[in-house]
Amino acid sequence: MSATLILAPGRERSVMRRHPWIFAGSVDRLDGRARPGDTVLVQAANGRALGRAAFSPASQIRARMWTFGDESIDDAFFRRTVARAVEQRRDLPELAGEFGPRGGVRLLHGESDGLPGVIADRYADVIVLQITSAGGEKWRAAIADALVRATGIERVYERSDSDVRALEGLEPRSGWLIGDGEAPFPVIAEPGVTGDVNIEIDVASGHKTGFYLDQRENRRLCGGLAAGRRVLNCFCYTGGFSLHALAGGAESVLSIDSSGPALATAQRNVGHNPQIDAARVEWLEADVFQALRTFRAEGRKFDLIVLDPPKFAPSAAHAKSAARAYKDINLLGFRLLAPGGLLMTYSCSGGVDVDFFQKIVADAAADAGVSARVLKRLSAGADHPVGLAFPEGEYLKGLLLRIE
Ligand code: SAH
């Protein structure tokens with residue numbers, strides 16, 4: 001018998017709108033016993049059944065909904081849910097190429113795919129699974145098995161080492177879950193404007209699951225804009241934007257990151273792409289905030305600048321300090337642009353929404369004394385869907401701007 005989680009009066013509203021999180025403050029009581037990750041029935045104060053959720057006693061998010069209906073939560077549930085997420089991606093023409101032998105695609109995007117705290121990325125012949133919820137933890141074997149069935153890919157590497165696991169009372173864990181291999185360094189073929197760009201993924205120790213698949217389309221756009229331009233790629237990680245810019249015919253590409261291992265991979269990536277001219281690329285291990293100030297003092301100018309910083313505001317509580325950091329780099333970016341220059345600027349902070357981000361960038365342009373217009377609003381690709389009931393899923397936002 002499952003335990004029943006009974007909500008406080010009036011607290012059923014967000015669940016009825018299909019938001020998957022139940023905060024500790026919304027819970028009246030638990031009838032029965034449940035361990036971390038166990039499935040509980042969820043009930044409104046008036047006794048109305050709202051669905052089934054994974055219980056997480058250690059977390060402020062006390063339960064995460066698996067279903068808003070009355071289906072049972074078992075291996076078959078995960079087979080169905082995983083298969084549906086994979087099929088939805090296969091159906092999209094823009095992702096068709098990502099199902100080829102060297103594709104790179106996000107297969108499971110957590111809450112927005114009905115699987116709270118469960119991320120799965122496919123890199124060529126390896127799937128990387130990242131679990132950050134007590135419920136996902138309980139069902140990890142079933143989820144991994146469902147991924148193999150849905151894709152035919154037989155190796156699953158686990159990267160459940162994100163800091164947020166501590167909030168759910170979970171220890172970090174990484175390593176092979178299904179199959180094995182020596183060096184898990186698959187090379188994916190990311191579609192670029194002049195053909196594929198080959199990118200090596202460090203599945204075992206790269207950031208997140210090894211790579212930032214969410215910028216796929218934006219890197220491609222960068223490739224299409226780069227011809228003849230002097231490009232500055234800030235926070236370049238393993239050089240995704242840089243490689244696309246080079247393949248797209250950039251005059252020069254200067255890329256900055258503070259991570260030595262990321263830059264080492266970036267340099268190997270140049271070798272994986274014989275079509276690009278290695279003489280046009282320069283890698284700089286530095287702090288972007290400092291490097292941009294130095295360039296400014298030297299009077300350097302660029303024609304296309306990419307700013308793709310790490311998450312400055314993991315939650316709304318950090319929004320203010322994050323806003324200062326975003327404004328600072330955008331202000332410096334505007335000042336380093338030559339007339340007619342382009343800025344691709346991003347925020348992947350959940351705590352900073354689209355409108356706030358645009359306001360910060362507008363303030364930076366005003367302080368830099370430039371007129372700029374938005375040519376395009378940017379976001380993650382279709383393999384990172386946003387559940388309509390889960391606006392928190394829309395974490396990546398960006399602007400393509402042109403200054404006068
Ligand atoms: N644009 C990349 C992803 C960027 S992730 C891509 O397309 O793959 C953010 C990167 O910022 C990380 O590689 C991290 O090492 C780097 N970083 C974080 N703080 C930094 C700082 N102050 N200066 C330079 N790089 C920094």
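Numbering of ligands and ligand atoms starts at 1, following listing order. All residue numbers in this chain count up from 1 along the given sequence.
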> Which bit of Phe235 gets closer than 4.0 Å to ligand 1, counting heavy atoms only: side chain, backbone, both or neither?
Replying inline: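 Both of them.
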Give the numbers and elements of all ligand 1 atoms closer than 4.0 Å to a heavy atom of [X].
X	answer
Asp308	1 (N), 2 (C), 3 (C), 4 (C), 9 (C)
Tyr237	2 (C), 3 (C), 4 (C), 8 (O), 13 (O)
Asp287	21 (C), 22 (N), 23 (N)
Ser259	15 (O)
Pro310	9 (C), 11 (O), 18 (C), 19 (N)
Ala286	23 (N), 24 (C)
Tyr212	3 (C), 5 (S), 8 (O)
Phe241	1 (N), 7 (O)

Could you say whether the N/O atoms of [X] and ligand 1 ever approach to under 3.5 Å?
X	value
Gly240	no
Asp257	yes
Asn233	no
Val288	yes
Thr238	no

> Listed by chain and number, what are the ring pair (Phe, Tyr, Trp, His ring centres under 6.0 Å) partners of His384, not counting sequence neighbours?
Replying inline: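 Result, ring pair (Phe, Tyr, Trp, His ring centres under 6.0 Å) vs His384: His109.
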>> Could you work out, with ring pair (Phe, Tyr, Trp, His ring centres under 6.0 Å) as the rule, every residue matching Trp283, not counting sequence neighbours?
In response: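 Trp283: no ring pair (Phe, Tyr, Trp, His ring centres under 6.0 Å) contacts found.
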Between the side chains of [Y] and [X], is the shortest nitrogen-to-carboxylate-oxygen separation below 4.0 Å, so that they form an ion pair?
X	Y	result
Glu137	Arg165	yes
Arg216	Asp383	yes
Glu12	Arg48	no
Lys208	Asp161	no

>> Looking only at protein heavy atoms, which one is nearest to atom 8 (O) of ligand 1, and what is the separation?
In response: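 I find the closest protein heavy atom is Arg219 NH1, 3.4 Å.
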> Which residue supplies the protein heavy atom nearest to atom 20 (C) of ligand 1, what is that atom called, and how far is it?
Replying inline: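 So the nearest neighbour among protein heavy atoms is Ser258 OG, 3.5 Å.
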>> Quick check on the 6.0 Å ring-centre criterion: do Phe312 and His318 meet it?
In response: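 Centroid distance Phe312-His318: not below 6.0 Å, so no.
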> Would you say Ile256 touches ligand 1, if touching means a heavy atom closer than 4.0 Å?
Replying inline: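 Ile256: no contact with ligand 1 (<4.0 Å).
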> Is the closest heavy atom of His207 to ligand 1 under 4.0 Å?
Replying inline: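 Contact present.
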> Looking at Val118, Ile143, Asp145, which hits side chain to side chain contact (heavy atoms under 4.5 Å, CB included) with Phe78?
Replying inline: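 Going through the options one by one, the only one that passes is Ile143.
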